[in-house]
2 protein chains.
Amino acid sequence: MRRGRSYIADMAKRFHKSTSLKELSAIVRLSQSTVSRVINGEGDKFRIARETQDRVLQAAALHGYTANTVARSLRQKRSYTIGVIVPEISEGYSTAVLGGIEDELLKDGYFYFVVSHRHRPDRLKGYQRMMLARAVEGIIAVDSTIEDELPVPVVAVSGHQHREGVVNIELDHGQAALLALSHLKGLGHRRIAFVKGQAFSSDTNRRWRAIVNAAKDLDIAVDPQLVVQLEGIDSGPGPGIEVTRQLLQSRRPFTALFAFNDVTAMGAILALREAGLRVPKDISVVGFDDVLAASTYNPPLTTVRQPLRDMGQTAASTLLGLIRDEIPHPQPAAITVYPNLVVRKSTAQAPAHAPQPVAPA
Amino acid sequence: MRRGRSYIADMAKRFHKSTSLKELSAIVRLSQSTVSRVINGEGDKFRIARETQDRVLQAAALHGYTANTVARSLRQKRSYTIGVIVPEISEGYSTAVLGGIEDELLKDGYFYFVVSHRHRPDRLKGYQRMMLARAVEGIIAVDSTIEDELPVPVVAVSGHQHREGVVNIELDHGQAALLALSHLKGLGHRRIAFVKGQAFSSDTNRRWRAIVNAAKDLDIAVDPQLVVQLEGIDSGPGPGIEVTRQLLQSRRPFTALFAFNDVTAMGAILALREAGLRVPKDISVVGFDDVLAASTYNPPLTTVRQPLRDMGQTAASTLLGLIRDEIPHPQPAAITVYPNLVVRKSTAQAPAHAPQPVAPA
DNA sequence: CTGAAAGCGCTTACAG
DNA sequence: CTGAAAGCGCTTACAG
């Protein structure tokens with residue numbers, strides 16, 4: 001390989017040795033033990049002379065000493081790192097949660113690895129192993145199911161894993177369903193279509209049961225013919241468009257649609273519009289999550305808001321608590337978080353008669 | 001702290017010692033050296049008997065041995081980890097790039113830390129230090145400027161840092177501007193408004209210069225009164241709404257608007273609509289990036305597509321090349337990547353006369 | 001109050 | 001072909 005004249009400089013930079021504890025202690029003429037203690041803020045605990053401490057700290061600052069985290073990890077058998085597993089990284093739901101996780105983790109000096117399994121079980125398993133080999137102290141699984149018993153604490157966000165040792169951060173789906181359905185009922189909707197989530201999403205069943213219950217309580221009939229389910233692993237609007245077209249094709253009348261999530265709601269709106277139906281004039285649509293794009297969509301989405309960022313924060317602080325063993329046993333199986341309804345422009349008064357699609361469906 | 005009866009079990013799990021090299025070698029009655037070599041696939045290189053190798057591999061599989069990465073890192077002075085710095089994690093642009101980075105990195109056994117600086121210089125600096133203390137072997141900066149000379153290679157995605165040792169992955173902005181403006185010109189637009197990016201975004205100036213050049217080439221006049229600039233650090237549609245309102249208030253006629261990015265385009269459309277203007281009938285709007293939401297927006301956005309995921313992949317593979325010193329010197333200062341125009345529904349034939357806002361502006 | 005020494009779990013010259 | 005031993009850079013009993 002040919003190299004230019006910057007090679008030497010490059011190499012020097014590459015192998016730039018940052019000051020080690022050994023060097024620093026030689027400089028201040030103290031043992032590594034003492035210097036280490038001062039650096040780690042245990043100076044007072046060991047009653048090291050203030051003056052000595054200052055000398056150490058100054059020298060450290062002067063030489064830009066930062067402890068090598070790898071060595072520290074090896075010795076302490078702690079990595080100050082956790083692993084986060086999400087289904088898909090380039091996607092609103094996961095990233096909102098990641099934002100919350102970051103807030104909480106970094107202020108405690110923890111870093112995190114992120115991996116996305118893209119709904120492939122082998123990737124999910126493989127990454128678990130790799131993260132463990134990297135000594136992560138805990139794992140946060142976002143909308144992903146960890147099947148194995150892991151040697152570190154795990155917190156599941158929307159995972160619903162009722163296994164000993166995992167704490168779930170879960171939304172109150174009963175509340176969510178009630179919020180959405182009573183809003184729709186209040187607007188006069190009686191014939192409501194439902195789009196269930198993909199089978200692999202752990203929220204799917206819980207939310208559906210909650211909807212069935214809420215419908216019963218509110219005295220709303222759930223017509224099985226108006227219930228469709230998302231398929232495939234595509235997390236974009238495609239599957240929502242698809243099932244809405246099917247719904248339309250069945251010619252079963254409805255005036256409102258409750259989608260599994262916002263992206264699906266957007267897909268549904270596309271399909272409705274394609275069939276010549278107006279939202280919300282002809283059909284009201286309610287989404288779920290309140291992702292960033294929900295408010296700028298046209299029409300802005302009425303949606304059940306999940307406090308995604310809070311959920312990330314809670315997941316992180318809970319995991320940290322678990323790692324530090326600060327959470328009293330028995331550990332809670334779940335921490336419930338509450339949704340609220342954000343009413344925007346995709347819902348309106350129900351029309352007198354359920355409309356029919358006009359365009360080529 | 002009170003503990004339930006699962007405490008012992010918990011602790012056992014927490015301190016679960018995975019098999020060490022020492023243990024494994026005791027089991028197979030070989031030295032750690034030999035076992036280590038076999039595990040690392042250097043068995044043949046050291047001419048270790050096939051049979052011996054098999055015995056080692058089997059025992060490793062049986063006892064689920066995985067080398068402790070922390071110890072390995074310390075010894076080799078390599079971490080197989082890189083750091084990624086983004087402005088904001090919960091945002092379409094960065095996450096698309098992250099997806100590409102992940103693809104490339106994980107297949108080579110590398111992991112990455114992500115941190116977001118949220119446009120605060122102190123966070124940016126602090127994170128650099130923390131990542132370096134964690135021995136990252138390289139850094140990818142997404143739309144962020146690294147000012148210091150770092151002891152590891154850095155690759156900048158849309159960073160434009162022409163400093164020795166950093167490789168920039170950059171879009172061909174000249175091409176991008178030409179694509180957008182000739183599309184608009186072809187539709188008969190002559191009075192075009194421009195929304196420039198925030199001053200802190202490193203793309204802002206380059207793109208603007210490219211636009212000015214392309215306009216000259218295409219013989220399109222750039223009216224300074226129709227040029228506005230985004231302000232603040234909000235990465236949502238807010239700033240776009242704001243400046244479009246100002247534009248409207250100036251009552252300077254225009255028939256098309258070229259936004260700095262898709263989110264801004266969405267904000268602009270909101271503001272236009274608020275003023276009673278229809279998109280694309282009255283005003284055509286062109287976005288930039290082609291984030292996920294662009295295609296589902298209403299109207300679906302005509303936009304200049306940046307191959308974000310590819311840019312992430314290229315950034316990662318380039319960084320890996322730099323780390324392994326496989327890239328010939330002198331290193332390229334930049335790797336250029338090409339945009340393309342995605343024509344959707346937010347642009348149309350220019351109206352005969354520039355429209356005026358009708359609603360309370 | 002401070003230090004000498006062991007050891008975390010690997011990899012890798014060096015020796016045979 | 002295989003192994004004994006050093007050492008990566010820390011922290012932390014243990015000793016005084």
Side-chain angles (χ1 to χ4, degrees), chain A residues 15-56 60 63-81 109 132-137 151, chain B residues 15-56 59-60 63-81 109 132-135 137 151:
Chain A
F15 296 130
H16 165 83
K17 254 180 98 291
S18 49
T19 331
S20 72
L21 183 62
K22 197 171 169 183
E23 290 164 354
L24 187 61
S25 25
I27 292 169
V28 293
R29 309 195 150 276
L30 285 165
S31 71
Q32 293 187 214
S33 325
T34 302
V35 176
S36 171
R37 285 168 189 139
V38 173
I39 297 291
N40 292 319
E42 299 185 316
D44 289 339
K45 182 169 150 205
F46 282 91
R47 303 199 211 170
I48 295 171
R50 256 275 121 68
E51 186 188 273
T52 312
Q53 293 197 38
D54 290 345
R55 197 153 53 90
V56 171
H63 296 84
Y65 174 75
T66 328
N68 177 323
T69 333
V70 178
R72 171 182 290 168
S73 292
L74 179 59
R75 178 57 228 251
Q76 294 188 140
K77 307 190 122 206
R78 303 201 46 183
S79 61
Y80 301 97
T81 301
L132 257 13
R134 279 167 177 266
V136 296
E137 296 181 26
Chain B
F15 296 130
H16 165 83
K17 254 181 97 295
S18 49
T19 332
S20 70
L21 183 62
K22 196 171 169 185
E23 289 165 353
L24 187 62
S25 28
I27 292 169
V28 294
R29 310 195 147 274
L30 286 164
S31 71
Q32 293 187 216
S33 325
T34 304
V35 177
S36 171
R37 285 167 187 141
V38 174
I39 297 290
N40 293 320
E42 299 185 315
D44 289 340
K45 182 170 149 204
F46 283 89
R47 303 198 213 171
I48 296 171
R50 255 276 123 65
E51 186 190 90
T52 312
Q53 292 196 39
D54 290 346
R55 197 154 51 89
V56 171
H63 295 85
Y65 174 75
T66 328
N68 177 322
T69 334
V70 178
R72 171 181 291 168
S73 293
L74 179 60
R75 179 57 228 250
Q76 296 187 140
K77 307 188 122 209
R78 304 201 45 186
S79 61
Y80 300 98
T81 302
L132 256 12
R134 280 168 176 265
E137 296 180 25

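In what follows, every chain begins at residue 1, and chains take the letters A, B, ... in the order their sequences are listed.
Atoms CZ (B/R134) and P (D/dG9) sit 18 Å apart, rounded to a whole Å. The CD-P distance, from A/Q53 to C/dC1, rounds to 11 Å in whole Å. Atom-to-atom, CG of B/L21 to C1' of C/dC10 comes out at 7 Å; the value is rounded to the nearest Å. Computed from coordinates, the B/E42 CD to C/dT12 P distance equals 7 Å when rounded to whole Å.
Residues that satisfy the side chain to side chain contact (heavy atoms under 4.5 Å, CB included) test with B/D44, not counting sequence neighbours, are B/R50, B/Q53. In this structure, the ring pair (Phe, Tyr, Trp, His ring centres under 6.0 Å) partners of A/Y80, at least two apart in sequence or on a different chain, are A/Y110. Residues satisfying the side-chain hydrogen bond (donor to acceptor under 3.5 Å, both in side chains) test with A/T66, not counting sequence neighbours, are none. Here B/R47 pairs with nothing under the side chain to side chain contact (heavy atoms under 4.5 Å, CB included) rule; sequence neighbours left out. Partners of B/R134 by side-chain hydrogen bond (donor to acceptor under 3.5 Å, both in side chains), not counting sequence neighbours, listed by chain and number: A/T81. Qualifying side chain to side chain contact (heavy atoms under 4.5 Å, CB included) partners for B/Q32, counting only residues two or more places apart in sequence or in other chains: B/L21, B/K22, B/S25. Residues satisfying the side chain to side chain contact (heavy atoms under 4.5 Å, CB included) test with B/R75, not counting sequence neighbours, are none.
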Legend entry - Strand DNA chain D as a dot-bracket string - pairs counted if Watson-Crick or G-U with both distances under 3.5 Å, | where the partner lies in another strand: |||.||||||||.|||
Legend entry - B/S/- contact track for nucleotides 2-8 of chain D, protein heavy atom under 4.0 Å: BBBBBBB
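Taking 4.0 angstrom as the limit, A/Y65 places a side-chain polar atom (N or O) nearer than this to OP1 or OP2 of D/dC10. For the pair A/Y80 and D/dC10, the criterion of a side-chain N or O lying under 4.0 Å from OP1 or OP2 is not met.
A/S33 and A/S36 share no side-chain donor-acceptor pair at under 3.5 Å.
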